[in-house]
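In what follows, a single structure is set out as C-alpha cells and then discussed.
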Amino acid sequence: MNKLLTITTMALIAISALFSSCRKDIFTKDPADKLIFSSDTVQFDTIFTGIGSTTKYLIVKNSNKNKSINIDKIYLARGSSSKYRLNIDGLAANKDFKLENYSLAPGDSIFIFVEVTINPGTDDLVEQDSIIFESNGNTQDVDLVAFGQNVTLLNGQMITQDTIWNADKPVLIYNSAMIDTLVTVTVMPGAKIYFHNKSSLFVKGTLKSLGEIGNRVTFTGDRLEEYYRYTPGQWGAYLQDEHGNTRGIYGGIHLLAGSRYNEFNNTDITNALIGVQVDSVVTADAPTLKMRNTNIENCKIAGLYALGAHVEAENCVFANSSQYTVACWIGGKYSFIHCTMANYSVGVRQNPQLSLNNYYEYRDANGNIQTSYRDLTEAYFANCIIYGYNKEEIGFDFVSGASANVLFDNCLIKYENSSALTQSAPSSFVDNIFNEDPKFASTTKPYLYNILEVSAARDRAKVSISESIQPEDHDGTNRMTFDGKPDIGAYEYVPEEETESKFFIWK
C-alpha cells in the first residue's frame with residue numbers, strides 16, 4: 001500500500017512539474033503586461049574622462065505571475081555611438097549588440113550591468129543614453145546618465161620639473177607618480193587630487209599643499225560614489241614578492257628619505273592604506289613635514305606613519321584608522337600642538353591609536369634578528385585630545401639602547417589605568433586630563449570632531465601653549481579672543497548659531 005502511495009505521489013509531482021513547465025512556455029500578448037524596472041534611471045555621479053566607470057546594475061522583472069513575456073529586443077538607443085557598455089544576463093554586449101527574443105518567465109528577473117567611458121576633451125560632460133526594451137507592442141526605456149569631469153591624468157609618471165596643480169582641473173593618479181629630487185609640486189587652494197586603486201604619490205623632492213580655510217585641498221580615492229565615502233584602503237599600494245605575498249606597504253603619500261620642506265595646510269587626506277608616510281630625517285634645519293589645519297582620516301593601516309622623521313603638526317585631525325591614527329616609530333622628532341586624535345572606526349582594533357617607539361628589528365645575512373636603535377629625541381604633545389573606544393589610546397614600545405624623550409602637556413587622554421601610566425614615567429605627563437569624555441559632535445557617520453558645549457576639553461587648554469602657535473583654530477576661529485578661554489584640541493567650541501554664520505560649515 002505504501003509503495004503504491006509513493007508511486008502515485010511521484011507521478012503527481014511529475015505531472016505537476018510538467019504542467020508548470022508548460023505554463024512557463026505560455027506567453028502573454030497583452031500590451032498591459034509590461035516590464036518592471038528597479039529604477040527608471042541608471043545614474044553615474046562623476047566619471048573621470050578617459051577612465052572606465054564603476055559598474056551599475058538594473059533589474060528587469062516580468063510583472064505577470066502566470067505567463068512569460070517575450071522581449072523582442074533590448075538595445076542601446078545610440079547604438080554604435082554610445083559610450084555605454086552592457087552585460088545582459090551574462091552576455092557581454094558590444095555597442096551594436098541587440099538581444100532578441102529573450103523569454104522572461106512568470107515573475108522572473110534579469111540583471112543588466114552597465115559601464116560607461118567618457119572621452120577626454122569632450123565638450124559635453126553629461127553623457128546620456130537609454131536602454132530600449134520592446135515587448136508586447138510596447139517600447140519602454142530606462143535612462144542612462146553620467147556626469148563626466150576632465151582631469152589631468154598621471155599614469156606611472158615621474159614629475160621632473162616644478163609643477164603647480166590648480167583647482168580648475170583635478171589630477172588623477174593611475175599606477176602611481178613620483179616627484180623627482182629637487183623638484184617641487186605646489187598644490188593650490190581648492191585643488192583635488194584623486195588616486196586610482198593601488199596608486200601612491202612618491203616624493204623625493206618637495207610637496208607643498210597650500211589649502212586655505214574654506215577652500216581646502218583634497219587627496220582621496222577616485223571612487224566618488226557615496227557608498228565609498230568612508231571606505232579605507234582605496235589607494236596606496238602593497239609591495240608583493242613574486243609569489244604574491246605582501247612584503248611591505250607604500251603610503252598613499254610617501255615622503256621618501258631625502259624629501260624635505262614638505263607642507264600640508266588646510267588639506268584633507270582620506271581613505272588610503274596609509275595617509276602619509278614620512279621616512280628618515282635628512283634636514284637638520286627644518287622638519288621633513290609641517291602640517292597645519294590638516295585632516296588625515298579613514299585609513300586602513302595608519303593615518304600618519306613616521307619612521308625616524310621630523311614632523312610638526314598644529315590644529316590637525318587624525319581620525320578613524322583601522323590600526324593607528326599616528327605611529328611615530330624608529331625614533332625621530334615630533335611636535336603635535338592643539339591636535340585631535342580620535343579613533344571610532346568600525347571594527348575591532350587591537351592597537352592604541354597613538355604609538356611611539358625607538359628601534360626596529362631586522363634579519364642579517366645569516367638570518368639572525370638584529371636590533372637597530374634610534375633616538376626619539378622629542379615627542380611633544382600639547383593641548384591635544386587623544387581619545388577613542390579602546391581602553392588605552394596611547395602605547396609605548398621603548399628599549400634601553402636609545403633615548404625616548406616624551407612629554408604630554410595638558411592633553412585629554414583615554415587611558416583607563418592612568419595612575420599606573422603616570423607613575424611609570426612621571427616626567428612625561430604634566431597637567432593632563434584622563435578618561436573624561438571630549439563629547440565630539442559625532443563619533444558615527446558623518447564623524448565630526450568639533451566639540452560640544454559640555455565637552456571636557458572646553459575652556460581647559462593651557463594658555464601659554466595656545467599662545468605659542470597661530471591664534472586661529474582648525475576652522476579659523478580665534479581661540480585667544482573668542483571667549484578668552486581656549487579649548488583643548490583642534491577646534492574651539494563655537495555655539496551652533498555662531499557656526500551657521502561662518503562661511504565654512506561642517507556638513
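From a predicted model like this one, the values you see are computed outputs, not experimental measurements. Heads up: numbering here begins at 1 and tracks the sequence.
Legend: residues meeting ring pair (Phe, Tyr, Trp, His ring centres under 6.0 Å) with Tyr334, ordered by chain and number and at least two apart, are absent. Remark: Ser418 pairs with Phe434, Asn435 by the side chain to side chain contact (heavy atoms under 4.5 Å, CB included) rule, at least two apart or across chains. Annotation: salt bridge (Lys or Arg N to Asp or Glu O under 4.0 Å) contacts of Lys208 (sequence neighbours excluded): Glu263. Listed by chain and number, the residues in a salt bridge (Lys or Arg N to Asp or Glu O under 4.0 Å) with Asp431 are Lys462 (sequence neighbours excluded). Applying the salt bridge (Lys or Arg N to Asp or Glu O under 4.0 Å) criterion to Arg374, with sequence neighbours excluded, gives no partner residue.
The main-chain N or O of Ala490 is found under 3.5 Å from a side-chain atom of Thr340 such that the two form a donor-acceptor pair.
Ring centroid separation for the pair Tyr447 and Tyr230 comes in under the 6.0 Å cut-off.
Just one of Asn298, Ile296, Thr270 meets the side chain to side chain contact (heavy atoms under 4.5 Å, CB included) condition when paired with Asn320; it is Asn298. When Tyr359, Tyr305, Tyr360 are each tested for a ring pair (Phe, Tyr, Trp, His ring centres under 6.0 Å) with Trp329, only one passes: Tyr305.
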Requested in this report: Evaluate the side chain to side chain contact (heavy atoms under 4.5 Å, CB included) criterion for residues Leu376 and Val406: first the C-alpha distance (whole Å), next the side-chain angles of each, then the deciding distance (0.1 Å), finally the verdict.
Outcome: CA-CA 8 Å; Leu376 182 60; Val406 178; 3.9 Å; yes
Report task. Just do the side chain to side chain contact (heavy atoms under 4.5 Å, CB included) check on Trp235 and Ile173 with the steps written out, would you? Result -> CA-CA 10 Å; Trp235 53 291; Ile173 295 178; over 6 Å; no
Query raised in the report: Can you list the steps and then say if Asp487 with Phe482 is a side chain to side chain contact (heavy atoms under 4.5 Å, CB included)?
Result: CA-CA 11 Å; Asp487 304 333; Phe482 182 72; over 6 Å; no
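Of all heavy-atom pairs spanning Ser466 and Met480, the tightest one is CB-SD, 3.6 Å. Annotation for Glu393 and Gln353: closest pair OE1-N, 3.0 Å, computed over non-hydrogen atoms.
Taking 4.0 Å as the cut-off between side-chain N and carboxylate O, Arg479 and Asp473 do not count as a salt-bridged pair. Salt bridge Glu472/Arg292: absent, no basic N to carboxylate O contact under 4.0 Å.
Below 30°, between 30° and 60°, or above 60°: for Phe48 and Tyr194 the angle between ring planes is between 30° and 60°, a tilted geometry. Taking the six-membered ring where the residue is Trp, Phe429 and Phe408 present parallel rings, their angle staying beneath 30° rather than reaching 60°. Between Phe202 and His254, the ring-plane angle classifies as tilted under the 30° and 60° cut-offs.
A 4.5 Å side-chain heavy-atom check between Asp475 and Tyr491 finds at least one atom pair inside the cut-off.
For residues 151-181, the pairs satisfying ring pair (Phe, Tyr, Trp, His ring centres under 6.0 Å) are Tyr174-His196, with sequence neighbours left out.
Surrounding NZ of Lys56 are more than 12 heavy atoms belonging to other residues, nucleotides or ligands, all under 6.0 Å away. Within a 6.0 Å radius of CD in Glu361, more than 12 heavy atoms belonging to other residues, nucleotides or ligands are found.
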